[in-house]
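Heads up, the thing below is written out as C-alpha cells.
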There are 2 protein chains.
Amino acid sequence: MSEKVKKRTLILDIANHLEVSIATVSLVLNGKAKQSRISDAVAQRVLAYVNEVGYKPNHIAKSLRTGKTHVIGLVVEDISNPFFATVAWMIERQAFERGYRIIYCSTDNNPEKARELLTMFHERHVDGYIIVPSEGIEEEVTNILREHTPTVLFDRFLPNLPTNYVIVDGAQGTYQATLHLLAQGFSRVAFVTTDSVQTQMEARLDGYTKALAEQAMAPKVRRLAVTKDTEKVIADIQEFLQANPEIDALIFSTNYLSIYGLEAIARLKMRIPDDVAVISYDDHDLFRLYTPAITVIAQPIESIARNVIDILLDELKHPHAKDTSLPQQILLQTELVVRQSSIRKKAKTTVVRKKTLHS
Amino acid sequence: MSEKVKKRTLILDIANHLEVSIATVSLVLNGKAKQSRISDAVAQRVLAYVNEVGYKPNHIAKSLRTGKTHVIGLVVEDISNPFFATVAWMIERQAFERGYRIIYCSTDNNPEKARELLTMFHERHVDGYIIVPSEGIEEEVTNILREHTPTVLFDRFLPNLPTNYVIVDGAQGTYQATLHLLAQGFSRVAFVTTDSVQTQMEARLDGYTKALAEQAMAPKVRRLAVTKDTEKVIADIQEFLQANPEIDALIFSTNYLSIYGLEAIARLKMRIPDDVAVISYDDHDLFRLYTPAITVIAQPIESIARNVIDILLDELKHPHAKDTSLPQQILLQTELVVRQSSIRKKAKTTVVRKKTLHS
DNA sequence: ACAATCCACTAAAACCATTTAGGAAGCCTG
DNA sequence: CAGGCTTCCTAAATGGTTTTAGTGGATTGT
C-alpha cells in the first residue's frame with residue numbers, strides 16, 4: 001500500500017537540504033558561482049552534496065528552459081554502407097566527448113524520407129545538423145539555414161546554397177585512377193556510375209572523362225539506375241560488359257556498384273585483371289580481401305569526420321552572427337591504393353595469353 | 001532593427017485565435033475530445049485551424065509534462081558490424097513507423113562504456129531499452145528493471161536476470177555445421193572463437209563440441225583474445241594453423257573472426273576448401289562474393305529485429321504491472337547456407353592431391 | 001419548484017529546471 | 001548617521017504542454 005516510491009532527486013531537494021535557494025544550487029551547478037558572487041563556502045557545500053547524492057539535472061526541463069538539447073541530427077544516405085557507418089561512428093565519438101549526442105537516420109537517397117527526417121529533427125529541437133543531402137531537399141535546408149541552426153553537409157553539397165561542407169576531390173581521384181590504368185597498358189577504360197546528378201557523382205565522372213580527353217580517347221560511360229533490385233543492377237553490368245567486349249578496364253563510381261560489378265564479372269567467368277581490370281571509388285573490407293585484391297580510390301574518412309565535427313562544434317560554441325562569417329567549404333584529397341586488380345601481369349606476355357583466352 | 005522574429009506557433013496562439021481555452025485545444029489534439037465531451041463542432045474547428053497553420057506541439061514541453069520521450073535507447077556491441085547494423089536498421093524502421101525514435105551507440109564490448117551509455121540513456125529519459133549486453137553490466141540492467149522501463153536484450157542475455165530477450169540457437173547452428181563438415185569427409189574440424197564467456201559464444205562452442213563428442217572425436221578449440229589489433233589476431237590464426245597441420249576444416253564463431261581467418265589462410269597460401277574448409281557463424285557480404293564462396297551459419301536477422309521491436313512496443317503500449325507478467329524469452333533458429341568453402345571437391349581424388357601438396 | 005444530472009468547457013496546477021532583477025545585511029565614507 | 005557600495009543570495013518569471021478538478025448554466029426527475 002504505502003509503496004515507497006523512490007522519486008528522482010530534484011534541485012529543490014538539494015536546496016531544501018542545504019537550506020539555500022534553488023537559484024543558488026542552479027548557479028553553482030552551471031559554473032556561474034563566481035559571476036553571481038556565490039561565496040566559495042556555499043559553492044563547495046553545494047558541490048559536495050550534489051556529488052554525494054549523485055544529483056543530475058533533468059535534461060528535459062533544462063532543454064525546455066534553455067532551448068538547447070545537446071543533440072545533433074545526422075542524416076546520411078545509408079548507414080549500412082561502411083563509408084557512412086565509419087564516418088558516423090567517428091563523428092559520434094568526437095561529439096560524445098564534447099557532450100553532444102548524435103541521432104542518426106538514413107534517407108536511402110529518398111528525398112521524401114530526407115524531408116521527413118529533417119522535420120523530425122526540427123521538431124526534436126536538435127542543436128545542429130550534419131547532412132548528406134539527397135537531391136531535392138534544397139528547400140528544407142534553406143529553412144534550417146534561415147533559423148541559423150549550425151549545419152554541415154558532407155560527401156556532397158547543394159551548389160546554390162551557401163552552406164558549410166566537407167567534400168572529397170573525386171574528380172582528382174578518378175583522374176588519377178584513369179591515368180594509372182592507362183599507364184598499366186589498359187586502353188579501353190570504361191566508367192560505371194549511377195544515374196544520379198549529385199555533385200560528388202558528377203565530379204567522379206568528370207575526372208575520368210578529363211583524363212581520357214587529354215589522351216584524345218573516347219570515354220565509355222554506363223549510367224545505371226540506382227535501385228533496390230540487386231539482381232537488376234548485376235544483370236545490367238553483365239549486359240554492359242557483353243555488349244562492349246573491347247573494354248579491358250572498369251572504374252566503378254561507388255563501392256556498392258563495385259561489389260555488384262565483381263559479382264557480374266564472376267558470373268561471366270571473366271578474370272581480373274586478365275580479362276578486365278577493376279578500380280573502385282571508395283574502399284571496402286571486401287576489396288582488401290578479394291582475390292585479386294581490388295585497387296581503390298580511398299577517401300580520407302577520418303579527415304572527413306574530423307573536419308565535419310570541428311566545424312559544427314565550433315559554430316555551436318560561437319553562434320556566428322547571422323551572415324558575418326562565410327561558410328567553411330573544405331575539399332579533401334583521395335588516395336589511390338593500388339592492389340592487384342589494376343596491375344597488368346607480366347607485361348606483353350599476358351596480353352598475348354589474354355588474346356588466346358578470348359579466341 | 002525591428003527584425004521580425006518568426007516565433008514558433010504555440011498552443012496558446014491556437015487557443016487565442018479560436019477563442020477557446022488551451023485545455024480544449026490540447027484535449028482535441030490528444031484525441032480526448034470525446035471523453036472530455038468537447039463538441040464535434042469545436043473539435044473540428046480546432047483540427048482545421050491546427051492543420052492550416054501547421055502547428056506541432058513542442059516535443060520537449062510534452063516530454064517534461066508526460067515523462068515520455070518516445071525515444072528508445074539501443075546499445076549494440078559494434079554498429080559497424082553488418083549484423084548489428086542490419087538489425088539496428090530494421091528496428092529503427094519499425095519503431096519510426098510507430099512514432100518512436102532510436103538513439104544508438106556502440107559499446108565495443110567495453111563494460112565501462114556500456115555503463116556510461118546506459119546512464120546517459122537514463123538521463124535522457126528514454127522510454128525503453130534494447131541492449132546487447134556486454135559482460136559486467138548486470139547491475140545497471142538491474143537498475144533499469146527496477147524502474148520498470150521496458151527492456152529487451154538480444155543476441156545474448158544475462159543468465160541471472162529475468163529479462164525479455166531474443167536470441168539465436170547458436171548451439172544448434174554450430175552442431176549442424178560440424179555434422180555437415182564431417183559428412184563432407186572432413187575429419188579434423190577445429191573451432192576458432194573468442195575468449196569471451198558470453199552466453200552466445202559459449203552456445204556456439206557447445207554445439208561444436210557436442211557434435212564431435214557424439215562421434216567420439218576430440219575437439220580442437222582455439223580461443224583468441226578479442227583485440228583492436230587486427231594484425232595480432234591474423235597472426236594468431238596463422239600460428240594456430242601452422243601448429244596444427246592436421247586440421248582440415250575450420251569453424252569461426254563470428255563473422256569478423258572469419259574475415260581475419262580468410263586473411264590468415266590467404267597469407268599462408270592455403271587453399272579453400274582443398275587445404276582447409278571454412279564455415280563462418282554469421283553471414284557477411286564478403287562471404288557471398290569471396291572465391292570460393294564461404295559457407296555460413298546464417299542468423300535470422302529480420303526475425304530478430306521483428307521480435308525485439310514487437311516485444312518492446314507491446315510493453316510500451318501496455319505497461320505491465322510490476323511482476324505480474326513473465327519475461328518473454330525467444331529462441332530463433334539458424335540456417336546453414338552451404339557454399340563452396342565447405343564442399344569437398346571430387347571426393348577421394350582431391351584427398352590424394354591434397355596430401356601431395358602437403359608433402 | 002427544487003435537487004440532481006448533464007453538458008461543454010476552462011482555470012490552474014504540475015512537470016523541473018534557468019536566469020534576471022532585486023533585496024537584506026554589513027561596511028564604509030564624509 | 002544618511003546615503004552609497006558590496007557581498008551574497010533569493011523570489012519569481014519563464015519555457016510549452018497535459019490533465020485534473022471544477023464551473024455555470026441548461027435540462028431532467030419527482
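We name chains A, B, ... by the order of the sequence lines, and we start the count at 1 in each one. The structure displayed is predicted, hence computed values, not measured ones.
- Contacts of residues 43-51 of chain B with DNA chain D (heavy atom under 4.0 Å): none.
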Discussion item. What does the B/S/- profile of nucleotides 17-26 of chain C look like, 5' to 3', with a 4.0 Å heavy-atom cutoff to protein?
Written reply: BBB-------
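- Partners of B/Val87 under the side-chain contact (heavy atoms from CB on, under 4.5 Å) rule, at least two apart in sequence or in another chain, are B/Phe83, B/Ile91, B/Phe154, B/Ile301, B/Ile304, B/Ala305.
- Residue-to-nucleotide proximity on DNA chain C shows that, of B/Ser21 and B/Leu64, the 5′-proximal contact is made by B/Ser21.
- In this view, A/Asp108 and A/Lys113 satisfy the salt bridge (charged side-chain N to carboxylate O under 4.0 Å, His left out) rule, not counting sequence neighbours.
- Between the CZ atom of B/Arg101 and the CD1 atom of B/Ile103 there is a distance of 13.0 Å, given to the nearest 0.5 Å.
- For the salt bridge (charged side-chain N to carboxylate O under 4.0 Å, His left out) test, no residue two or more places apart in sequence or in another chain qualifies with B/Glu138.
- A donor-acceptor pair under 3.5 Å links the side-chain atoms of B/Thr66 to the main chain of B/Lys62, judged by distance alone.
- Contact check, B/Ser39 against C/dC9: a side-chain N or O comes under 4.0 Å of OP1 or OP2.
- With a cutoff of under 4.0 Å to any heavy atom of chain A, the contacted region of DNA chain D is bounded 5' to 3' by D/dT7 to D/dG16.
- Comparing the start and finish of the helix from C/dA1-D/dT30 to C/dG30-D/dC1, five pairs each, the helix axis swings through 70°, to the nearest 10 degrees.
- Applying the side chain to side chain donor-acceptor pair (under 3.5 Å) rule to pairs touching residues 36-51 of chain B yields B/Lys34-B/Asp40, sequence neighbours excluded.
- Within the structure, ring pair (Phe, Tyr, Trp, His ring centres under 6.0 Å) pairs that include any residue of residues 103-140 of chain B comprise A/Tyr104-B/Tyr104 (at least two apart or interchain).
- Remark: side-chain polar atoms of B/Ser106 are paired, donor with acceptor, to backbone N or O of B/Ile79 under 3.5 angstrom.
- Side-chain atoms of B/Asn307 come within 3.5 Å of backbone atoms of B/Ser303 as a donor-acceptor pair (strictly under, hydrogens ignored).
- Annotation: salt bridge (charged side-chain N to carboxylate O under 4.0 Å, His left out) contacts of A/Glu77 (sequence neighbours excluded): A/Arg156.
- Once rounded to the nearest 0.5 Å, the distance linking CG of B/Asp155 with CD1 of B/Ile131 reads 13.0 Å.
- Side chain of A/Ser63 to backbone of A/Lys68: a donor-acceptor contact under 3.5 angstrom is found.
- Side-chain atoms of A/Asn164 and A/Glu315 form a donor-acceptor pair, as typed in the model, at a separation below 3.5 Å.
- Listed in residue order, the members of residues 117-125 of chain B having a heavy atom less than 4.0 Å from DNA chain D come to none.
- Evaluation of the salt bridge (charged side-chain N to carboxylate O under 4.0 Å, His left out) rule for A/Glu123 yields B/Lys56 as partners, not counting sequence neighbours.
- A distance-only check finds no donor-acceptor pair linking the side chain of A/Thr24 to the backbone of A/Ile22 [under 3.5 Å].
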